[in-house]
Amino acid sequence: MKPVRKAVFPVAGLGTRILPATKAMPKEMLPVVDKPLIQYAVEEAREAGIEQMIFVTGRGKGALEDHFDISYELEATMTARGKSLDPLAGTRFPAGAVVSVRQQAPLGLGHAVWCAREIVGDEPFAVLLPDDLMVGKPGCLAQMVEAYGRVGGNIVCAQEVPAERTASYGIITPGARDGRLTEVMGLVEKPKPEEAPSNLGVVGRYILQPEIMPILGQIGKGAGGEIQLTDGMAALIGEQPFHGVTFDGERHDCGDARGFVLANLALGLARDDLAPAIRAFLAETGGG
Ligand code: G1P
């Protein structure tokens with residue numbers, strides 16, 4: 001079984017759900033506490049053994065590449081002033097470990113992943129959607145890589161979603177269950193609650209086999225008029241092993257303002273240097 005060494009980060013989206021913050025700045029650069037969303041996803045991938053990060057970007061997303069580059073002026077100035085470079089540790093990679101490719105038109109998540117096909121080549125790869133901030137020990141992708149070592153094939157991160165929210169997710173037709181592992185018998189993108197096969201949703205972490213790439217190049221538009229990753233994955237079911245892993249941890253959907261605020265609170269409260277001030281504020285304002 002080939003190891004999972006590469007990860008695709010679809011980061012070309014316009015972030016319209018969180019305007020005006022994202023008018024001139026990539027949504028993946030918005031901070032949760034003091035770190036941009038993209039860095040959480042990249043650190044999670046690195047922890048899971050990923051060696052190459054592939055950003056599928058678009059116009060106006062250059063800040064993402066700059067964030068993982070060397071900032072000579074910043075480092076030289078900090079060093080000259082005797083300041084530690086430790087805060088930059090998670091942003092430094094050897095040359096070639098972070099690469100980008102452009103998604104030239106907003107044709108959907110399936111299309112974004114397909115745009116990375118030449119860089120992925122003939123090996124299994126992970127996909128991480130940075131909007132989904134996954135907090136756990138070990139991290140979400142590391143938990144999935146562990147499961148991959150046992151069952152191989154394709155793996156999605158699965159989470160029960162409220163029955164009335166199935167139209168926001170890819171939804172799984174579940175088969176046999178074994179602890180946190182569920183066999184995936186079918187997948188459908190954003191079904192209405194009355195048509196959903198279950199309320200087991202796919203959240204933004206995937207381990208996929210390279211055979212999905214030609215499928216993504218051929219399938220037509222699906223839900224919402226977009227080329228859907230879910231439709232490409234559905235075509236692999238029955239051909240290759242396909243499982244869902246229920247993540248042991250917390251997920252924050254940072255695609256909108258509500259999720260962002262809650263993520264900032266949750267991660268702020270987890271920090272010893274910030275928790276007392278946040279608790280005091282909540283208590284004063286009647287929220288504690
Ligand atoms: C995408 C996928 C969907 C998945 C979701 C997880 O949807 O298309 O299958 O359940 O991410 O966050 P989006 O949130 O981009 O509309």
Side-chain angles (χ1 to χ4, degrees), residues 7-18 22 26-28 30 32 37-38 40-41 44 56-58 103 105-116 126-136 140-141 144 154-174 182 184 186-193 195-208 212 215-216 219-237 242-247 249-260 262-263:
V8 175
F9 300 77
V11 290
L14 295 174
T16 51
R17 285 197 292 158
I18 198 154
T22 51
K27 69 172 170 185
E28 298 81 9
L30 296 175
V32 172
L37 263 185
I38 185 68
Y40 288 95
E44 181 189 325
V56 181
T57 67
Q103 183 184 22
L107 298 178
L109 179 59
H111 176 256
V113 171
W114 178 79
C115 288
V127 178
L128 295 95
L129 311 187
D131 275 12
D132 280 329
L133 172 50
M134 310 298 270
V135 182
C140 184
L141 191 62
M144 292 170 66
N154 301 276
I155 298 187
V156 292
C157 182
Q159 192 181 45
E160 303 257 336
V161 300
E164 69 280 7
R165 301 239 22 233
T166 57
S168 299
Y169 294 93
I171 299 291
I172 296 171
T173 305
T182 303
V184 175
L187 281 169
V188 54
E189 180 69 5
K190 304 197 167 92
K192 293 183 192 140
E195 286 160 14
S198 74
N199 68 336
L200 193 59
V202 175
V203 295
R205 300 292 183 271
Y206 310 79
I207 293 173
L208 299 171
I212 195 161
I215 297 173
L216 292 173
I219 54 171
K221 293 178 177 173
E226 297 191 336
I227 297 171
Q228 295 292 354
L229 183 59
T230 300
D231 296 342
M233 293 191 300
L236 286 176
I237 298 169
F242 216 121
H243 292 87
V245 169
T246 309
F247 168 52
E250 254 177 49
R251 164 179 176 254
H252 299 284
D253 175 4
C254 295
D256 60 21
R258 175 185 173 277
F260 239 103
L262 295 180

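Order of appearance sets the numbers: ligands from 1, and atoms from 1 within every ligand.
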A.B. asks: With sequence neighbours left out, what residues match Phe9 under ring pair (Phe, Tyr, Trp, His ring centres under 6.0 Å)?
C.D. replies: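 By the ring pair (Phe, Tyr, Trp, His ring centres under 6.0 Å) rule, Phe9 matches Phe55.
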A.B. asks: For atom 5 (C) of ligand 1, what is the nearest protein heavy atom, given as residue, atom name and distance?
C.D. replies: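 Of the protein heavy atoms, Val202 O, 4.0 Å lies nearest.
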A.B. asks: Do ligand 1 and Leu129 have nitrogen or oxygen atoms that lie under 3.5 Å from each other?
C.D. replies: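 So ligand 1 has no N or O lying under 3.5 Å from an N or O of Leu129.
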A.B. asks: Quick one: are Ile171 and Ser198 in side-chain contact, heavy atoms under 4.5 Å?
C.D. replies: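 They are in side-chain contact.
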A.B. asks: Provide, to 0.1 Å, the distance between atom 13 (P) of ligand 1 and the closest protein heavy atom, together with that atom's residue and name.
C.D. replies: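 Its nearest protein heavy-atom neighbour is Lys190 NZ, 3.6 Å.
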A.B. asks: Check whether any protein heavy atom sits under 4.0 Å from atom 15 (O) of ligand 1.
C.D. replies: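 No, there is no protein heavy atom closer to it than 4.0 Å.
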A.B. asks: Less than 4.5 Å apart, side chain to side chain, heavy atoms only: is that true for Val184 and Asn154?
C.D. replies: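 Not touching, per the 4.5 Å side-chain cut-off.
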A.B. asks: Would you say Gly170 and ligand 1 have an N/O pair spaced under 3.5 Å apart?
C.D. replies: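 N/O-N/O distance below 3.5 Å exists for this pair.
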A.B. asks: Any idea which atoms of ligand 1 are less than 4.0 Å away from a heavy-atom of Gln228?
C.D. replies: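 Within the 4.0 Å cut-off of Gln228, ligand 1 contributes 8 (O).
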A.B. asks: What I want to know is whether Arg17 and ligand 1 share at least one N or O pair that is separated by under 3.5 angstrom.
C.D. replies: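 N/O-N/O distance under 3.5 Å: no.
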A.B. asks: Could you measure the distance from the SG atom of Cys115 to the CG atom of Leu107? Nearest 0.5 Å is fine.
C.D. replies: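 Here the interatomic distance stands at 8.0 Å.
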A.B. asks: So is Ser168 polar-close to ligand 1, meaning N/O to N/O under 3.5 Å?
C.D. replies: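 Ser168 vs ligand 1: no N/O contact under 3.5 Å.
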A.B. asks: Under a 4.0 angstrom heavy-atom cut-off, which atoms of ligand 1 come close to Thr230?
C.D. replies: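 Near Thr230, the atoms of ligand 1 are 9 (O).
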A.B. asks: Does the side chain of Met134 reach to within under 4.5 Å of the side chain of Val203, using non-hydrogen atoms?
C.D. replies: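 Yes; the side chains approach each other to less than 4.5 Å.
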A.B. asks: Does a side-chain heavy-atom distance below 4.5 Å link Asp132 with Phe247?
C.D. replies: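 No. Closest side-chain heavy atoms not under 4.5 Å.
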A.B. asks: Which heavy atom of the protein is the closest neighbour of atom 8 (O) of ligand 1, given with residue, atom name and distance?
C.D. replies: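 Looking only at protein heavy atoms, the one closest to atom 8 (O) of ligand 1 is Glu189 OE2, 2.7 Å.
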A.B. asks: So, is Asp132 polar-close to ligand 1, with some N/O to N/O distance under 3.5 Å?
C.D. replies: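 In this structure, Asp132 places an N or O atom under 3.5 Å from an N or O of ligand 1.
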A.B. asks: My understanding is that only residues two or more places apart in sequence, or in another chain, count here; which of them pass ring pair (Phe, Tyr, Trp, His ring centres under 6.0 Å) with His243?
C.D. replies: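 By the ring pair (Phe, Tyr, Trp, His ring centres under 6.0 Å) rule, His243 matches no residue at all.
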A.B. asks: Could you check whether any side-chain heavy atom of Gln103 comes within less than 4.5 Å of a side-chain heavy atom of Pro10, counting everything from C-beta outward?
C.D. replies: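 Counting from C-beta outward, Gln103 and Pro10 never come under 4.5 Å.
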